[in-house]
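First up is the structure itself, then whatever we jot down about it.
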Amino acid sequence: MGPVKVDPTTISTIWHFMQRVCREMRYTMERTATTVQATSLHDLAYGIWDAEARAIAIPEGFPCRLISSSFPIRAVLKKFSGRISPGDVFMTNHPFLAGAVHLPDWVFIRPIFYEDELVFFTCMGTHVPDNGGAQPGVYYLAVDSIAEGLNIPPIKIAEKGQIKEDVLDLILANNRMPDIMRREVSSLIGSTAVAERRLLELLKRYGKGTVLGSIQEMMERTERAVRAEISKWPNGVYYAEAKTDDDGASIGVPVTARCKLTIKGEDIT
C-alpha cells in the first residue's frame with residue numbers, strides 16, 4: 001500500500017509526532033550518556049530518514065552534524081543492500097567512505113521495518129571522548145587520517161537484535177576509555193531503539209499509507225516554500241571564499257574554500 005491523500009489535521013499530527021520522537025531520542029541520550037559532549041554540550045546528530053535516506057524529521061541543533069547524517073545512511077544502504085534486517089544496527093565514523101564529519105563523530109544507524117518492509121532509518125551520533133590516535137582529541141600530531149585515530153567504515157554492530165560483541169571488543173580495544181565508551185555505545189544504540197518503538201506505534205495507529213502520504217505532503221510543502229523564498233532573491237552568479245590558517249599537516253600553508261552560487265528563478269546551483 002503506497003501513500004494516500006491525507007487531511008491537514010492528520011498531517012500536522014504526524015509531523016509533530018515525529019518531532020517529538022526526535023526530542024525523545026535526544027532526552028534518552030542526554031539522560032543515559034556519561035560524557036559532557038552529549039549530556040551538556042548537546043553535540044548530537046539524530047533524526048528520522050525514509051527508506052531512501054531522504055531526511056524527514058531533523059530537530060533543532062547543530063545543522064552540519066544533523067544534515068550530514070544522510071551520508072552515513074546512504075553509505076549503509078549502498079554497502080549492505082539486501083543484507084539489512086530488523087534489529088540490525090550499523091556504525092561508522094568514516095569521513096571518506098561514509099561522509100561522517102570527522103573521526104570522533106560516531107554514528108549509529110537503525111533500520112526500522114514495518115510488516116517486513118524497510119520504512120525508516122533513524123540514527124544517533126555524538127562526538128566521543130576518545131577515538132584512539134596519538135593523543136585524545138589532538139590532530140596536529142597526525143600526518144594522515146590513520147594517525148588521527150580509529151577509522152571505522154560502515155559496519156554492522158548489532159545483527160537481528162544481538163550486539164556483535166567481538167566487533168565491539170575490537171573497537172574498544174583501540175580506545176583509552178573502553179568502560180565509558182561501552183556505556184556510551186549502549187546509550188547511542190538505546191536512543192535509536194526508542195525511535196523505533198515510537199515510530200512503530202505511529203504506523204500501527206494511522207497505517208503505513210497515511211504516514212507515508214503525510215511525509216510526502218510535508219516534503220512537497222517544504223520544497224514549495226523554499227523555492228518561493230529563492231524566487232525573491234536576485235538572479236545572478238555569486239562568489240565567496242574563506243581561508244583557514246592551514247590543514248594541520250602543512251603548518252602555515254593557508255587552505256582556501258571557494259563557492260560559486262548561481263540563482264536562476266526558483267533554482268540554486
Side-chain angles (χ1 to χ4, degrees), residues 2-3 5-6 8 11-12 14-15 18-19 22 43-81 90 92-105 107 109 111 118-125 127 139 145 151 153-154 211-250 253-269:
K5 192 72 175 176
V6 188
I11 292 171
S12 180
I14 290 174
W15 166 244
M18 288 188 162
Q19 289 296 309
C22 292
D43 188 351
L44 304 173
Y46 57 108
I48 302 166
W49 287 257
D50 70 4
E52 300 174 8
R54 298 183 301 173
I56 296 171
I58 296 178
E60 70 282 355
F62 189 23
C64 71
R65 292 280 282 116
L66 296 168
I67 297 172
S68 68
S69 297
S70 298
F71 296 106
I73 294 172
R74 291 173 194 163
V76 166
L77 267 174
K78 181 179 180 180
K79 180 176 180 179
F80 292 93
S81 177
F90 302 89
T92 186
N93 71 343
H94 210 292
F96 305 112
L97 297 180
V101 177
H102 62 164
L103 294 180
D105 286 334
V107 179
I109 298 162
L118 176 60
V119 181
F120 296 122
F121 284 97
T122 189
C123 81
M124 176 61 79
H127 186 119
Y139 298 141
S145 63
N151 287 249
V211 172
L212 296 183
S214 297
I215 290 170
Q216 186 61 37
E217 178 62 24
M218 293 175 205
M219 300 183 82
E220 291 175 2
R221 288 184 183 183
T222 300
E223 181 173 346
R224 289 196 297 269
V226 173
R227 289 186 177 278
E229 186 63 30
I230 294 170
S231 67
K232 300 175 185 177
W233 303 346
N235 287 342
V237 180
Y238 301 83
Y239 299 90
E241 65 177 47
K243 291 181 181 290
T244 186
D245 292 340
D246 51 61
D247 62 3
S250 300
V253 179
V255 176
T256 304
R258 297 181 177 88
C259 177
K260 174 184 175 183
L261 181 70
T262 303
I263 298 177
K264 184 177 181 181
E266 59 179 22
D267 293 323
I268 282 183
T269 304

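- Put simply, the side chain of H102 never gets that close to the backbone of P104: no donor and acceptor are under 3.5 Å apart.
- Side-chain contact between F90 and P111 is present, with at least one heavy-atom pair separated by less than 4.5 Å.
- Of the inter-residue distances, the one linking F121 atom CZ with D50 atom CG reads 9.0 Å to the nearest 0.5 angstrom.
- A distance of 6.5 Å separates CG in N151 from CG in N93, rounded to the nearest 0.5 Å.
- Atom CD1 of I11 sits about 7.0 Å away from atom NZ of K5, to the nearest 0.5 Å.
- Put simply, OG1 on T262 and CG on D267 are 10.5 Å apart, with the number rounded to the nearest 0.5 Å.
- The minimum heavy-atom distance between W15 and I56, with the atom names listed, is CZ3-O, 3.6 Å.
- L103 approaches P95 most closely through the heavy-atom pair CD2-CD, 3.6 Å.
- Judged by distance alone, the side chain of T222 and the main-chain N or O of M218 form a donor-acceptor pair under 3.5 Å.
- The heavy-atom pair separating L77 from A51 by the smallest distance is CD1-O, 3.4 Å.
- A donor-acceptor pair is defined here as one N or O able to donate and one able to accept, closer than 3.5 Å; no such pair exists between the side chain of K243 and the backbone of P254.
- The two residues S68 and P72 make their nearest non-hydrogen contact at O-CD, 3.0 Å.
- Residue F71 holds its CZ atom at 13.5 Å from OG1 of T92, rounded to the nearest 0.5 Å.
- Taking the side chain as every heavy atom from C-beta outward, K78 and R74 never approach each other to under 4.5 Å.
- Between K79 and L97, every side-chain heavy-atom pair lies at or beyond the 4.5 Å cut-off.
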TODO: Starting from the C-alpha separation in whole Å, work towards a yes-or-no answer on side chain to side chain contact (heavy atoms under 4.5 Å, CB included) for V119 and L212.
DONE: CA-CA 9 Å; V119 181; L212 296 183; 4.1 Å; yes
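- No side-chain donor-acceptor contact under 3.5 Å links D246 to the backbone of S250.
- Using a 4.0 Å cut-off between charged side-chain N and carboxylate O, E217 and R224 make a salt bridge.
- Contact between V237 and K260 at its shortest, heavy atoms only, is CG1-CE, 3.7 Å.
- Counting only heavy atoms from C-beta outward, the side chains of W49 and I58 approach each other to under 4.5 Å.
- A donor-acceptor distance shorter than 3.5 angstrom exists from the side chain of N235 to the backbone of G265, with no hydrogens or angles considered.
- S69 contributes atom OG, which lies 12.5 Å from atom CD1 of I48 (distance to the nearest 0.5 angstrom).
- Here the side chains of I215 and F120 are in contact, with some heavy-atom distance below 4.5 Å.
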